[in-house]
Amino acid sequence: MLVSCRRLLTTLLQAQKWPFQPSRNMRLVQFQAPHLMGPHLGLESGNGGGVINLNAFDPTLPKTMMEFLEQGEATLSVARRALAAQLPVLPRSEVTFLAPVTRPDKVVCVGMNYVDHCKEQNVPVPKEPIIFSKFASSIVGPYDEVILPPESQEVDWEVELAVVIGKKGKRIKATDAMAHVAGFTVAHDVSARDWQMRRNGKQWLLGKTFDTFCPLGPALVTKDSIAGRAQRHLYSWWYQGSTHSRQHDPHNLKICCRVNGEVVQSSNTNQMVFKTEELIAWVSQFVTLYPGDVILTGTPPGVGVFRKPPVFLKKGDEVQCEIEELGIIINKVV
């Protein structure tokens, strides 16, 4: 009977052109190379792979992600054609990865947005999103150094899922929110806890926005490229060995942070209190969201300040922030 059910489901899915067909991931990057003038746009050829130069494929494409996103579907369709073509790949060792988005209009951040992070602090789960910001000048690339400012002795780590806005909007409904999302990337919300928690009237901004306190990358993974596990779990007995992709779900991804190789944060984005759609609806009540805007969606438990005794970053440390399907960023502390 079980075998018959499997065959029936397989037949139905094939006949109906099941919408979760596998597709090559769209991993947009900004990069530099010695033989190229200035920054270029590219496609990372798989998580951890080399780079396809989009500007060589079509010289009319913009060379910054901000302009690329502002042009919307027109530029995305060119990137899709490039993805489908057999194009030369620049070895990873020959390129310098920049943050996938630089100089956005705003970097919006969300505090206390993981259930397990609230438990870690023994505080109630927020009933409304807690919003703060970083300045765009804090953004650096996925492998750039994090500089310890002399003004702080309590610099901490925070791995976060970052949402990148692709379409302008104000007062966006939660049901329409994903239409305004270009994709997702990995963020490191570096935090000076002394300035966040005790100085500056306990307002969070200064403690969050020192230069180099927002590494991003390595790629902007488009929303339709993220194959979360919700659909696979629904029919887990059938998905074993299946070639069909899973439902796109950024809220079911493993997320972790390692300091000097030791795992300090390990959770899943399914622990988020407010998901991407709710956050976009909430924030867009107050401000207009523009293409390239970045939303950092909060961090899981395991940060240094709540350890006993507290642990903070020091010169020579290496921080690795990783999110399933999105990639890993590695930042040396100097």
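What you see is a predicted model; the values in this text were computed from it and never measured. Numbering starts at 1 and runs along the sequence shown.
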Measure across A79 and L43 and return the closest heavy-atom pair with its distance rounded to 0.1 Å.
O-CD1, 3.7 Å

Which atom pair, heavy atoms only, marks the closest approach of F213 to K134?
O-NZ, 2.7 Å

Does K275 have more than 12 heavy atoms from other residues, nucleotides or ligands lying within 6.0 Å of its NZ?
yes

If you draw a 6.0 Å radius around CZ in R307, do more than 12 non-hydrogen atoms from other residues or ligands fall strictly inside?
yes

Taking [X] first and then [Y], would you say they form a salt bridge - that is, a charged N and a carboxylate O separated by under 4.0 Å?
{"X": "D144", "Y": "K332", "result": "no"}
{"X": "K314", "Y": "D317", "result": "yes"}
{"X": "E325", "Y": "K254", "result": "no"}
{"X": "R199", "Y": "E151", "result": "no"}
{"X": "E158", "Y": "R193", "result": "yes"}
{"X": "D189", "Y": "K208", "result": "yes"}

Those residues that, when tested against R198, pass salt bridge (charged side-chain N to carboxylate O under 4.0 Å, His left out) (two or more places apart)
E154

d(I255 CD1, I323 CD1) to nearest 0.5 Å is 4.0 Å

Could you go step by step and tell me if S267 and D116 meet the side-chain hydrogen bond (donor to acceptor under 3.5 Å, both in side chains) rule?
CA-CA 8 Å; S267 188; D116 45 9; 2.7 Å; yes

Assess the residue pair T175 and E277 against the criterion (side-chain hydrogen bond (donor to acceptor under 3.5 Å, both in side chains)); give the C-alpha distance rounded to whole Å, side-chain angles, the decisive distance to 0.1 Å, and a yes or no.
CA-CA 7 Å; T175 51; E277 297 90 337; over 6 Å; no

Under the side-chain hydrogen bond (donor to acceptor under 3.5 Å, both in side chains) rule, what do T102 and Q30 come out as? Steps first, then yes or no, please.
CA-CA 9 Å; T102 43; Q30 290 189 132; 3.3 Å; yes

Only one of D211, L206, L205 forms a side-chain contact (heavy atoms from CB on, under 4.5 Å) with F135, so which one is it?
L205

Using a distance-only test with no angle check, is there a side-chain donor-acceptor pair under 3.5 angstrom linking H251 and T276?
yes

With no hydrogens and no angle check, just 3.5 Å: does a side-chain donor-acceptor pair link Q320 and E318?
yes

Candidate pair L28 and F68, rule side chain to side chain contact (heavy atoms under 4.5 Å, CB included), full reasoning:
CA-CA 10 Å; L28 295 159; F68 179 91; 3.7 Å; yes

Does the Lys NZ or Arg CZ of R92 fall within the cation-pi geometry relative to F97 - under 6.0 Å from the ring centre and within 45° of the axis?
yes

